[in-house]
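What follows is a single structure, written as C-alpha cells, with notes after it.
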There are 2 protein chains.
Amino acid sequence: MLNESYNQYSFILDRTARKVKQYAQTAFAEQQFDLTVDQWIVLRTIYENPSLSNKEMAELCGKDQPTLTRIIDLLIKKEFAERISHPSDRRSLRLHITKKGEYKIQEIAPKVADFRMQAWKNLNEEDFAHFTRILNTIYDNLTHK
Amino acid sequence: MLNESYNQYSFILDRTARKVKQYAQTAFAEQQFDLTVDQWIVLRTIYENPSLSNKEMAELCGKDQPTLTRIIDLLIKKEFAERISHPSDRRSLRLHITKKGEYKIQEIAPKVADFRMQAWKNLNEEDFAHFTRILNTIYDNLTHK
DNA sequence: TAACAATAATTAGTGTGACAAATATAATTA
DNA sequence: TAATTATATTTGTCACACTAATTATTGTTA
C-alpha cells in the first residue's frame, strides 16, 4: 500500500544521514583531528559567531541545549573553547573559542572540506537544488505544526 | 566558497533526519505505544521476516549488531519478541515475535502510517523519485569506498 | 517588597549509534 | 585430533538526542 513507501523514505533518510556522519567521523579519527564531527560543527559555529549564549548557539548549531552543554564541556576539556559570564545577567554566559581552538579550525577546515566532497559525487547543481528544497519541505512540515 | 555549501548539505540532511525521528517519537509517546521508533522498526522487521539470525536481522534493519542486540533485549523485556536457539548451531539464534508483539504491530501500524504522512506533505511523486535517487547516490558514494 | 512566574543553564535518565574487545561455538587444517 | 582460524553474539565505552527535573537568577505583580 501507499503508506508503506513512507516508511521506506524515513528509512532511507535515516540511513543516509548516519552514513554521512559515520564517513566523516572515520576520516576525523584516521587523521587524528582530536574532535568528533559534532564537536567540530559546534566549534566552527562558535568560531564564526562568537560571544553568543548557550541557547543562541544551540539554535544555530541545530542542537538542543543539553546536548550543546555537553559538547561545550568536552571542548572546554580540550581547551578549544571557554565560557565567559555575562556582565549583567548572571544566569547567562558567552561562548568563545580559544587560540588553540582557532588554530584547530584553521588546520582542519580545508581537510574536512576535502573529504566531505566525497558524499556529493555524481550529483549536479540541479540535484542539490532538489535536495535542499525537498529536505527543507520535510523539515518545515514537522516544525511548529 | 563552494566547499562551504557541502557542509550545509550535511547539516540539512542531519537536521531533517532528526526531525523526522523526533516527530514520530513524540507521536509514539503521546499515543502511549510503549515502543520507541527504533524498537518499532525492529519489531516490524521481525514480524515481516521471522526466524532470522541477529546478524541477518541487523542487516535488514540497517543497524549494527550490538545495537540490534540491545533493542532486542528491550523488546524481550516487554515480551514483544523472543530469541530461540538454533537447532544445529549453538552460536546462533532465531528472532521471533510473540503473540503480544503481533497484537502490538496490528494495533499501531495503521496509526503510524497516519502520522508518518505528515512529513511528506507538499511533495509529489516526482519529488519522491528525486529524494530516493539523490539520497541513495549519497549512500552509495560512501559505501565500500 | 514578598511571592510568584519566567528564563538560562545544567543535570539526570533512557535510548541509540559506532567501534573494539570478549565470549562461546563451529569449521578448518596441520 | 589438537591447534588455529572463523563466525555469532554480547559486553564495554564513549558520544549524541531527547525529555524532564533542578538550580540559579531575573522579572513581574499583588
Side-chain angles (χ1 to χ4, degrees), chain A residues 11 14-30 33-43 52-59 61-78 82-95 142, chain B residues 11 14-30 32-43 52-59 61-78 83-95 142:
Chain A
F11 177 82
D14 191 58
R15 181 178 82 149
T16 306
R18 276 188 287 120
K19 177 66 82 175
V20 168
K21 191 172 207 171
Q22 185 205 352
Y23 179 83
Q25 188 56 57
T26 300
F28 271 51
E30 277 173 356
F33 285 172
D34 190 26
L35 284 175
T36 66
V37 172
D38 294 285
Q39 287 163 21
W40 176 74
I41 289 168
V42 171
L43 191 60
L52 298 184
S53 72
N54 196 297
K55 183 189 173 77
E56 293 162 335
M57 202 66 76
E59 174 67 24
C61 296
K63 299 187 176 301
D64 55 66
Q65 286 197 56
T67 297
L68 188 67
T69 292
R70 284 184 174 107
I71 292 176
I72 299 287
D73 284 344
L74 293 170
L75 289 175
I76 289 176
K77 193 176 294 176
K78 293 174 181 172
E82 54 194 0
R83 294 191 181 95
I84 296 176
S85 54
H86 190 282
S88 67
D89 187 342
R90 285 197 293 168
R91 291 171 305 184
S92 190
L93 49 83
R94 303 290 132 184
L95 299 175
L142 303 182
Chain B
F11 177 82
D14 191 57
R15 181 178 81 149
T16 305
R18 275 187 289 122
K19 177 66 82 175
V20 168
K21 191 172 205 171
Q22 184 206 354
Y23 178 82
Q25 188 55 58
T26 299
F28 271 50
E30 277 173 357
Q32 301 181 302
F33 285 172
D34 189 27
L35 284 176
T36 65
V37 173
D38 293 285
Q39 286 162 22
W40 175 75
I41 290 169
V42 170
L43 190 60
L52 296 184
S53 70
N54 197 297
K55 181 189 173 78
E56 293 162 336
M57 203 66 77
E59 174 67 23
C61 295
K63 299 186 179 300
D64 68 0
Q65 288 196 53
T67 297
L68 187 67
T69 291
R70 284 171 178 120
I71 292 175
I72 299 286
D73 286 344
L74 294 170
L75 290 175
I76 289 176
K77 193 176 294 177
K78 292 174 182 172
R83 294 190 181 97
I84 297 178
S85 53
H86 190 283
S88 66
D89 186 342
R90 286 198 291 169
R91 290 171 306 182
S92 191
L93 49 83
R94 302 291 132 185
L95 299 174
L142 304 182

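Quantities reported herein were computed from a predicted structural model and do not represent experimental measurements. By convention in this document, chain letters (A, B, ...) are assigned in the order of the sequence lines, proteins followed by strands, and residues within each chain are numbered from 1.
- Using a 4.0 Å heavy-atom cutoff across all strands shown, A:Arg83 reaches sugar-phosphate atoms only and no base atom.
- Which of D:dC18, D:dT10, C:dG15 sits closest to the side chain of B:Thr36 comes down to C:dG15.
- Note: CE (A:Met57) to C1' (C:dA8) measures 14 Å, nearest angstrom.
- Here C:dT10 is the nucleotide among D:dT11, D:dC16, C:dT10 with the atom lying nearest to any side-chain atom of A:Pro66.
- Looking at heavy-atom distances under 4.0 Å, A:Gln22 makes contact with sugar-phosphate atoms alone, never a base.
- Distance CG (A:Leu68) to P (D:dA15): 15 Å, rounded to an integer number of Å.
- Of the inter-residue distances, the one linking A:Asp89 atom CG with A:Ser53 atom OG reads 9.5 Å to the nearest 0.5 angstrom.
- Remark: A:Thr26 is not in phosphate contact with C:dA18, judged by side-chain N or O atoms under 4.0 Å from OP1 or OP2.
- Residues A:Gln25 and A:Val37 approach most closely at OE1-N, 2.8 Å, considering heavy atoms.
- Neither OP1 nor OP2 of C:dG15 sits under 4.0 Å from any side-chain N or O of B:Lys77.
- Residue contacts shown for A:Thr67 include a base, since a base heavy atom lies under 4.0 Å away.
- Ranking C:dT16, D:dA17, C:dT10 by closeness to the A:Asp38 side chain, first place goes to D:dA17.
- Across the protein-nucleic acid pair, A:Phe28 atom CZ and C:dA18 atom C1' stand 16 Å apart, rounded to whole Å.
- Using a 4.0 Å heavy-atom criterion, one finds that B:Thr69 contacts the bases of the nucleic acid, with or without backbone contacts as well.
- The residue A:Arg18 sits close only to the backbone: its heavy atoms come under 4.0 Å of sugar-phosphate atoms, none of a base.
- Residues A:Asp73 and A:Arg83 are paired through a salt bridge, judged by an N-O separation under 4.0 Å between the basic side chain and the carboxylate.
- B:Glu56 places its CD atom 11 Å from the C1' atom of D:dA8, with the value rounded to the nearest Å.
- Base-pair partner of C:dA30: D:dT1 (Watson-Crick or G-U wobble, both distances under 3.5 Å).
- Between the P atom of D:dA15 and the CG atom of B:Asp14 lies a distance of 18 Å, rounded to the nearest Å.
- Atom CD of B:Glu59 has 12 or fewer heavy atoms from other residues, nucleotides or ligands within 6.0 Å.
- Toward the 5' end of DNA chain C, the nearer of the two residues B:Lys78 and A:Gln25, judged by each one's closest nucleotide, is B:Lys78.
- For A:Lys63 and D:dA17, the shortest distance from a side-chain N or O to OP1 or OP2 is below 4.0 Å.
- Nearest nucleotide to the B:Ile71 side chain, out of D:dC16, C:dA6, C:dG17: C:dG17.
- Rounded to an integer number of Å, the gap from B:Asn54 CG to C:dA24 C1' is 15 Å.
- Within 4.0 Å of A:Asp64, counting heavy atoms only, lies at least one base atom of the nucleic acid.
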Apply the test side chain to side chain contact (heavy atoms under 4.5 Å, CB included) to residues B:Lys63 and B:Asp38: give CA-CA distance (whole Å), side-chain angles for both, the deciding distance (0.1 Å), then the verdict. CA-CA 10 Å; B:Lys63 299 186 179 300; B:Asp38 293 285; 2.7 Å; yes
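- Residue A:Gln65 contributes atom CD, which lies 16 Å from atom C1' of C:dA12 at whole-angstrom precision.
- You'll find that the side chain of B:Ser53 is closest to D:dT9, out of C:dT16, D:dT9, D:dC16.
- Nearest-nucleotide assignment on DNA chain D puts the 5′-proximal partner with A:Gln39, out of A:Ser88 and A:Gln39.
- In the interface, the side chain of A:Arg94 is not paired with the base of C:dA9 through any donor and acceptor atom under 3.5 Å apart.
- For a distance-only test at 3.5 Å, the side chain of A:Arg91 fails to qualify as a donor-acceptor partner of the base of D:dG27.
- Of all heavy-atom pairs spanning B:Ala58 and B:Leu68, the tightest one is N-CD2, 3.2 Å.
- Rounded to an integer number of Å, the gap from B:His86 NE2 to D:dA8 C1' is 11 Å.
- Taking each heavy atom of A:Lys78 and A:Leu35 in turn, the nearest pair found is NZ-CA, 4.1 Å.
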